[in-house]
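We count ligands from 1, going down the list as the structure has it; atoms in each ligand are counted the same way. The residues of the chain are indexed from 1 along the displayed sequence. None of these values were measured; they are calculated from a predicted model.
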Amino acid sequence: MNTIQLLGCGYAHPKQHIDNHYLESIIDTSDEWIVQRTGIHARYVATTETTSLLAAEAAQKAIEDAKIDKKDISLLIVATLTGDQPMPSTACLVQEQLGMMDQRLMAFDINAACSGFLYSLQCACAMLKENECALVIGAENLSKIIDWSDRGTCILFGDGAGAAIIRKSAQGKNVWHFAQSKGDPKRVLDIPGKTLSDQPCVNVDEAYRYLSMDGKEVFRFAVGAMEEAIHQVLEQSPWDLEAIDLIIPHQANVRILANVARHMKLSMDRFYVNLDRFGNTSAASVPIALAQAKAEGRLHEGMKIILVGFGGGLTYAASLMEL
Ligand code: UT7
């Protein structure tokens with residue numbers, strides 16, 4: 001059993017806040033359609049801000065919130081599917097930007113799409129030794145892999161980063177995790193990578209292409225996956241759903257959350273929701289929501305919270321934390 005302290009959180013977003021009316025000017029859509037089908041009113045979209053820059057800003061705020069010396073951090077994980085470049089990892093770029101090059105630190109990225117922060121949190125909890133701290137970040141620059149002429153996807157996504165500092169400690173509280181990967185044979189959520197060649201030793205167009213999605217299939221998967229992940233962490237713990245004070249879900253679509261709430265006979269105010277202002281920021285969505293909930297005074301000692309998400313892979317995951 002892991003006993004973990006959640007010491008601090010932070011989040012960051014690009015300067016540009018793009019509302020639905022702006023999208024009306026570039027694609028055939030309407031504010032009314034987007035709000036009714038998704039609950040999203042606006043999202044932050046990066047111009048010059050890189051994934052590592054957003055990640056480092058969120059991390060700096062988390063370090064200040066945790067009131068620790070950054071030298072205490074021995075593990076740095078960045079969950080992302082839109083890292084700055086394939087190599088170095090975004091985690092190593094963040095290490096550099098935070099001026100943490102001269103300390104004993106292991107830094108690497110994890111890609112589990114929108115479940116990435118939860119996968120990273122679970123890995124960090126498993127890897128930490130007693131009294132060690134981890135900086136766990138979810139950061140994305142999704143606007144660079146979105147097809148801005150595809151109204152079925154571009155209205156959903158936004159950019160940003162969220163970060164958390166955890167310490168493994170005997171004074172910590174219990175945490176339970178669940179994570180599952182399923183494969184995606186129908187490619188319902190997909191970003192094709194490099195082009196293959198039937199000739200050896202030739203360079204081919206290696207440009208990454210844009211995200212494609214079967215919205216209805218993803219929607220169906222999301223509702224069942226979130227419900228299952230919540231049940232799975234509860235089953236490991238001594239608690240039932242009634243004992244959970246707040247659920248902080250992946251912020252994909254308010255209708256997905258409403259369906260989960262209806263199936264689980266929960267009222268929507270048990271869920272923290274910020275997708276109206278952020279849209280879906282993939283791996284960044286859960287840690288941004290966690291940091292916002294903390295900054296708004298929604299988290300208190302003794303509370304039990306569930307973080308839950310789903311995404312490309314297909315992946316889904318949840319963590320139940322006592323605060
Ligand atoms: O992190 C995981 C990422 N993905 C998700 O969470 C996505 C999950 N899925 C969804 O959120 C929803 O499926 C969407 C919001 C993407 C789409 O909502 P929907 O209710 O499944 O709509 P639809 O795709 O069935 O489209 C209904 C209609 C279609 O028109 P017709 O064929 O009925 O005439 C679409 O062409 O709405 C049209 N449409 C739009 N209209 C205005 C699709 N996108 C738009 C748009 N503006 N942006």
**Student:** Checking a contact table here: which protein heavy atom is nearest atom 21 (O) of ligand 1, and how many Å away?
**Tutor:** K216 NZ, 3.1 Å
**Student:** Under the criterion side chain to side chain contact (heavy atoms under 4.5 Å, CB included), which of L156, L81, T82, T153 is the partner of L211?
**Tutor:** T153
**Student:** Is atom 24 (O) of ligand 1 near the protein, in the sense that some protein heavy atom lies at less than 4.0 Å from it?
**Tutor:** no
**Student:** Determine the minimum heavy-atom distance between N111 and A113, stating which atoms define it.
**Tutor:** OD1-N, 2.9 Å
**Student:** Is S282 in contact with ligand 1, taking contact as a heavy-atom separation below 4.0 Å?
**Tutor:** no
**Student:** For atom 37 (O) of ligand 1, is there a protein heavy atom at a distance under 4.0 Å?
**Tutor:** yes
**Student:** May I ask you to decide if the ring planes of Y44 and H17 are parallel, tilted or perpendicular, using 30° and 60° as cut-offs?
**Tutor:** parallel
**Student:** Might you work through the salt bridge (charged side-chain N to carboxylate O under 4.0 Å, His left out) test for E132 and R167, ending with a clear yes or no?
**Tutor:** CA-CA 6 Å; E132 284 182 349; R167 178 191 281 144; over 6 Å; no
**Student:** What do you reckon, does I27 put a non-hydrogen atom under 4.0 Å from ligand 1?
**Tutor:** no
**Student:** Among F157, W33, F219, which one puts a heavy atom closest to atom 18 (O) of ligand 1?
**Tutor:** W33
**Student:** Locate the shortest heavy-atom distance separating H13 from L54; write the atom from each residue and the value.
**Tutor:** C-CD2, 3.7 Å
**Student:** Near R255, which atoms of ligand 1 are under 4.0 Å from a heavy atom of that residue?
**Tutor:** 20 (O)
**Student:** Spell out, as yes or no, whether a donor-acceptor pair under 3.5 Å connects the side chain of Q236 to the backbone of H177.
**Tutor:** yes
**Student:** Considering only protein heavy atoms, determine whether one is less than 4.0 Å from atom 31 (P) of ligand 1.
**Tutor:** no
**Student:** Are any of the protein's heavy atoms under 4.0 angstrom from atom 15 (C) of ligand 1, yes or no?
**Tutor:** yes
**Student:** Taking all non-hydrogen atoms of both residues into account, name the closest pair between G8 and D65 and its distance.
**Tutor:** CA-OD2, 3.2 Å
**Student:** Just jot down the ligand 1 atoms closer than 4.0 angstrom to any heavy atom of T38, in number order.
**Tutor:** 15 (C)
**Student:** For atom 47 (N) of ligand 1, which protein heavy atom lies nearest, and how many Å away is it?
**Tutor:** T29 OG1, 2.6 Å
**Student:** Taking all non-hydrogen atoms of both residues into account, name the closest pair between I137 and A163 and its distance.
**Tutor:** CG1-CB, 3.9 Å
**Student:** For I247 and I230, which heavy atoms make the closest approach, and how far apart are they?
**Tutor:** CD1-CD1, 4.3 Å
**Student:** Starting from atom 5 (C) of ligand 1, which protein heavy atom do you reach first, and at what distance in Å?
**Tutor:** V218 CG1, 3.6 Å
**Student:** Using heavy atoms and a 4.0 Å limit, tell me yes or no: is N280 in contact with ligand 1?
**Tutor:** yes
**Student:** For D102, does the CG atom have more than 12 heavy-atom neighbours from other residues, nucleotides or ligands under 6.0 Å away?
**Tutor:** no
**Student:** If I apply the N/O under 3.5 Å rule, does S30 come out as touching ligand 1?
**Tutor:** no
**Student:** Minimum heavy-atom separation for T315 to S181, with atom names?
**Tutor:** CG2-OG, 4.0 Å
**Student:** Heavy-atom contacts with I256 under 4.0 Å: which atoms of ligand 1 show up? List them by number with element.
**Tutor:** 6 (O)
**Student:** Are there protein heavy-atom neighbours of atom 8 (C) of ligand 1 below 4.0 Å?
**Tutor:** yes
**Student:** Could you go through the salt bridge (charged side-chain N to carboxylate O under 4.0 Å, His left out) check for E64 and K61 one step at a time?
**Tutor:** CA-CA 5 Å; E64 283 160 22; K61 289 179 183 163; over 6 Å; no
**Student:** Below 4.0 angstrom from a heavy atom of A252, which ligand 1 atoms are there? Numbered from 1 as shown, please.
**Tutor:** 6 (O)
**Student:** Heavy atoms only: which of R151, E24, E32 lies closest to atom 35 (C) of ligand 1?
**Tutor:** R151
**Student:** Which is closest to atom 19 (P) of ligand 1 in terms of heavy atoms, R220, R37, M213?
**Tutor:** R37
**Student:** Examine ligand 1 and decide if any of its atoms is less than 4.0 Å from a heavy atom belonging to G152.
**Tutor:** yes
**Student:** Should you measure from each heavy atom of N253, which atoms of ligand 1 turn up under 4.0 Å away?
**Tutor:** 10 (C), 11 (O), 15 (C)
**Student:** Enumerate the atoms of ligand 1 whose separation from the nearest heavy atom of C114 is less than 4.0 angstrom.
**Tutor:** 1 (O)
**Student:** Please identify each residue that fulfils side-chain hydrogen bond (donor to acceptor under 3.5 Å, both in side chains) with S120, with sequence neighbours left out.
**Tutor:** none
